[in-house]
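Right, one structure below, let's go through it.
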Amino acid sequence: MFFICSTLGIRNKYGASGDRIIKFIGNLGQMEDVSNLPPDQIQAHIAALPAGPACLMGGYDLIAPFLRDNPSKGTIDDDTILPTDAPYGATPGNAAEEFAPTRPISRIPDGNIADPAAFLALLGHQHAAPTTATPPGSFEVAAAEFSGPMGFVHAAIPGANGPQHLSPPDDIDTKGLTAELSNSGRIHVILHGSNFDPDWARLWGHDGTEKAPFVRALSSQLFDLCDLRGAIVTFSSCYAAMLDVAPATDGMRTYANQVALTCLQHGAKVVFGATRANWIDTIAPYDAFGPGLVAQVWSQLAAGKPAAEALMLAKSAYLKLALSETVGNYSYAKKTVLQAHCYGHPASTL
């Protein structure tokens, strides 16, 4: 297991706290210093390592993602470029492997703005993650129009016995949400996300009818009130794993406004999510696109696979199913796996 780190970048970003952060990263496992290397050279460095998971340390300012054309560009999908960590798990020069990598890859991100205390707290949770038990129980929430996909994923979550909220009617002020989240080790969210400030700090419910208002359903601020130690969180929501900003002048991703970062900073062992718009299949059996992949992740976790490997295997299984079905869905299936990420300790288990 290898932790891929730019020590120079950390020292430049965190100043006097940089050496302490680097030491903490070294305590996670074998650290590989890739200071000043661009993504293709980092990929080659990882490919030369012995077999095993690789975990990228920090956000995009410390370890840049690859930028790939959206496979579904030119359809009704507005995304053009996908930031993706998937190529770090692929053989250099093998474009097909980027959709189904052969090495497990995860990232432990930090915020765009240097906050050493918050990053150290997150690293503390991550150091304990492989040996932290997953609390019993579950919490699931979906936009009302996604009730079918939520039920499909629910069936794949082992031990799922908690509430299944729909929004609407539920919203950010629904009584008891904080307590329900804090007591749950298995969390799945299938709400609408946003990629612009300040709305990216919230996740939105919707009933699917034309011109119906979107409802504030969850937020980073609500997660900030929760004890998520030991939890595994999956987002089928758009932009839940987005660490950059679009446009570039539109604010900064921080622990206070990016849901995956907030969950990790409050103790989640691992968070799975997509960096861009995540397509949802609303026609039975609901096994395509985002929820289809997330259900595969939960199935791999249920089989005892550690987090990064679970995503790697889920991508392969999902693609095998998706590419055997409707030809028109190929581009969306490829986008689904290319933008799907594991944030957290690669050895975390259910």
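Predicted model only: the values in this text are computed from it and were never measured. The figures here come from the full heavy-atom set of this structure, side chains too, leaving out hydrogens, waters and symmetry mates.
Ring centers of F146 and Y286: at least 6.0 Å apart, outside the cut-off.
Under 3.5 Å, the side chains of T209 and D207 contain a donor-acceptor pair of N or O atoms. Using modelled atom types, one finds a donor on one side chain and an acceptor on the other under 3.5 Å when comparing E145 with H206.
For CG of D40, the number of neighbouring non-hydrogen atoms (other residues, nucleotides, ligands) closer than 6.0 Å is greater than 12.
Between the S316 side chain and the L313 main chain, no donor and acceptor come within less than 3.5 Å of each other. A distance-only check finds a donor-acceptor pair linking the side chain of Q126 to the backbone of A268 [under 3.5 Å]. Remark: the backbone N or O of A314 is not paired with any side-chain donor or acceptor of K305 at under 3.5 angstrom.
Annotation: ring pair (Phe, Tyr, Trp, His ring centres under 6.0 Å) contacts of F223 (sequence neighbours excluded): none. Residues passing the ring pair (Phe, Tyr, Trp, His ring centres under 6.0 Å) test with F139, sequence neighbours excluded: H165. In this view, D227 and R229 satisfy the salt bridge (Lys or Arg N to Asp or Glu O under 4.0 Å) rule, not counting sequence neighbours. Not counting sequence neighbours, the partners of F3 by the ring pair (Phe, Tyr, Trp, His ring centres under 6.0 Å) test are H345. For D199, the salt bridge (Lys or Arg N to Asp or Glu O under 4.0 Å) partners two or more places apart in sequence, or in a different chain, are R202. Checked against salt bridge (Lys or Arg N to Asp or Glu O under 4.0 Å), R186 has no partners two or more places apart in sequence or in another chain.
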F272/L293 under side-chain contact (heavy atoms from CB on, under 4.5 Å): CA gap, chis, key distance, verdict
CA-CA 10 Å; F272 298 92; L293 179 61; over 6 Å; no
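No side-chain heavy atom of L181 sits under 4.5 Å from any side-chain heavy atom of V233.
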